[in-house]
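Right, one structure below, let's go through it.
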Amino acid sequence: MLQFSESPLRGIPGTGPAAVGLMFNGALAGLLDARPDCTDFLSIIPERFWQDFGRNNAPRFAPLPDETALLDRLAERHRLVAHGVGLSIASGSTFDLDHVRQLAEWHRRYDFAWISEHLSAVRVLTEETPDHHAGLALPLAWDHDLLDLVSDRVNRTQDILGTRLLLENGVVHTPVPGSDMSEQEFVNALVRRTGCGVLLDLHNLLVNAINLGFDAGRWIDALDLESVVEMHVAGGNRLFGVYLDSHSGACPQTVWDLLARTAPRCPNLAGVTFEYHESYHPTLGEDGVLDQLARMRAALLPEVPAEVRHVDR
Ligand SMILES: [Fe+2]
């Protein structure tokens with residue numbers, strides 16, 4: 001197992017115990033030109049910047065010229081964090097080491113402050129559908145076989161990347177039968193076995209809590225909070241009675257409450273990232289993005305002891 005002694009905060013000018021970041025989307029270009037200092041880092045989805053021609057092709061990957069030029073410009077002004085979407089580390093039928101090697105090559109190129117992926121399965125390898133991408137995370141049973149499978153893959157991934165991998169909790173829309181343990185027990189065991197970190201997505205958690213009927217705060221209480229390196233915050237909306245992780249704009253108050261309650265209990269928290277889908281930019285607006293960043297910074301400020309708090313008279 002790799003040992004991770006270096007702080008992922010290296011080089012990030014944060015204003016408090018954790019840095020504040022934005023998940024990059026194309027609609028942010030104007031704001032980032034005008035106010036590059038509004039965010040401490042940018043999280044980027046690396047798969048959006050290269051072409052994957054498929055496993056049986058050589059060369060398999062090629063940088064997309066316009067997108068890569070944009071990324072180079074972003075990297076001149078912002079510390080970058082990689083947030084992968086294509087690894088599918090929990091797929092029983094497939095594991096794509098060439099994808100990991102491609103990610104490692106880009107890590108060498110852009111020196112990501114940290115690298116995260118999803119604790120999920122989205123790719124399925126069958127004779128009928130080779131390397132089929134399901135388009136959304138498939139439900140997982142938290143059992144011992146999956147723990148063995150994912151632990152081995154996390155170790156191999158971290159060996160290739162040369163750095164710690166963070167894994168993000170996902171969204172499920174129905175209860176999943178067949179688990180041997182809770183999701184938090186699974187994640188805690190995975191952290192113990194591999195030294196990986198956790199990306200705690202508070203909105204994903206809220207979506208599950210609303211749709212499956214549990215208490216998000218109590219869920220967090222069962223997680224090893226020393227493993228949390230990054231958090232995601234986002235907004236969602238209801239559709240036909242189901243609450244969706246649609247990244248549709250401002251965070252609901254419950255997410256702010258969860259952030260304020262949880263962040264001070266995560267001693268290794270390096271950054272909090274606001275995610276929204278660019279199709280909602282016209283309703284959120286640049287002022288709306290700045291407002292979300294300001295609320296994140298306020299939530300991350302250390303609490304001022306009551307005895308030294310200034311009181312206006
Ligand atoms: Fe997320």
Side-chain angles (χ1 to χ4, degrees), residues 1-10 12 18-19 21 41 43 45-47 80-92 94-97 99-104 106-108 111-123 137 140-171 179-202 204-205 219-220 222-232 262 265-273:
M1 186 197 306
L2 290 174
Q3 296 298 314
F4 304 103
S5 55
E6 196 171 357
S7 166
L9 275 171
R10 176 172 49 94
I12 292 186
F41 65 90
S43 183
I45 296 174
E47 290 89 345
L80 299 181
V81 165
H83 183 51
V85 297
L87 184 56
S88 196
I89 201 163
S91 286
T94 181
F95 185 50
D96 187 355
L97 284 173
H99 186 100
V100 180
R101 294 188 187 101
Q102 170 72 0
L103 191 54
W106 278 50
H107 182 37
R108 286 191 288 275
D111 187 26
F112 299 123
W114 61 80
I115 300 173
S116 64
E117 251 288 352
H118 298 79
L119 180 50
S120 69
V122 293
R123 292 165 65 176
L140 299 173
W142 306 114
D143 64 21
H144 293 290
D145 287 344
L146 184 65
L147 181 59
D148 290 343
L149 181 91
V150 175
S151 297
D152 175 63
R153 290 176 177 179
V154 170
N155 283 328
R156 292 157 75 191
T157 299
Q158 293 183 143
D159 285 344
I160 293 171
L161 294 178
T163 189
R164 166 191 264 176
L165 181 69
L166 312 186
L167 287 171
E168 175 178 355
N169 57 299
V171 168
S179 289
D180 298 328
M181 62 194 97
S182 69
E183 182 177 2
Q184 306 95 305
E185 288 170 334
F186 185 96
V187 172
N188 294 344
L190 187 62
V191 168
R192 283 196 303 274
R193 286 190 184 191
T194 67
C196 73
V198 171
L199 193 180
L200 176 58
D201 188 313
L202 295 175
N204 287 357
L205 178 60
W219 189 99
I220 290 171
L223 188 68
D224 167 15
L225 294 181
E226 289 197 5
S227 67
V228 176
V229 178
E230 184 185 4
M231 287 189 200
H232 279 177
T262 310
R265 299 160 60 204
C266 299
N268 298 307
L269 181 64
V272 180
T273 307

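Source: prediction; values computed, not measured.
Applying the side chain to side chain contact (heavy atoms under 4.5 Å, CB included) rule to Asp148 yields the partners Arg193; only residues at least two apart in sequence or on another chain are considered. Residues meeting the ring pair (Phe, Tyr, Trp, His ring centres under 6.0 Å) test with His83, sequence neighbours left out: His118, His232. In terms of the ring pair (Phe, Tyr, Trp, His ring centres under 6.0 Å) criterion, residue partners of Phe186 (sequence neighbours excluded) are, by chain and number, Trp142.
Under the 4.5 Å side-chain criterion, counting only non-hydrogen atoms from C-beta, Pro46 is in contact with Leu103. Trp106 has its side chain out of reach of Ile115: every pair of non-hydrogen atoms, C-beta onward, lies at least 4.5 Å apart. You'll find the side chain of Val198 stays beyond 4.5 Å of the side chain of Asp224, heavy atoms only.
Counting only distance, with no hydrogens or angles, the side chain of Arg164 and the backbone of Trp114 share no donor-acceptor pair below 3.5 Å. In this structure, the side chain of Asp201 does not engage the main chain of Val171 through any donor-acceptor pair within 3.5 Å. The main-chain N or O of Gly86 is found under 3.5 Å from a side-chain atom of Glu117 such that the two form a donor-acceptor pair. With hydrogens and angles ignored, the 3.5 Å screen pairs no side-chain donor or acceptor of Asp143 with any backbone N or O of Asp180. Between the side chain of Gln158 and the backbone N or O of Thr194 there is at least one donor-acceptor pair closer than 3.5 Å.
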> For Asn204 and Glu168, what are the C-alpha separation, side-chain angles and deciding distance, and is it a side chain to side chain donor-acceptor pair (under 3.5 Å)?
Replying inline: CA-CA 9 Å; Asn204 287 357; Glu168 175 178 355; 3.1 Å; yes
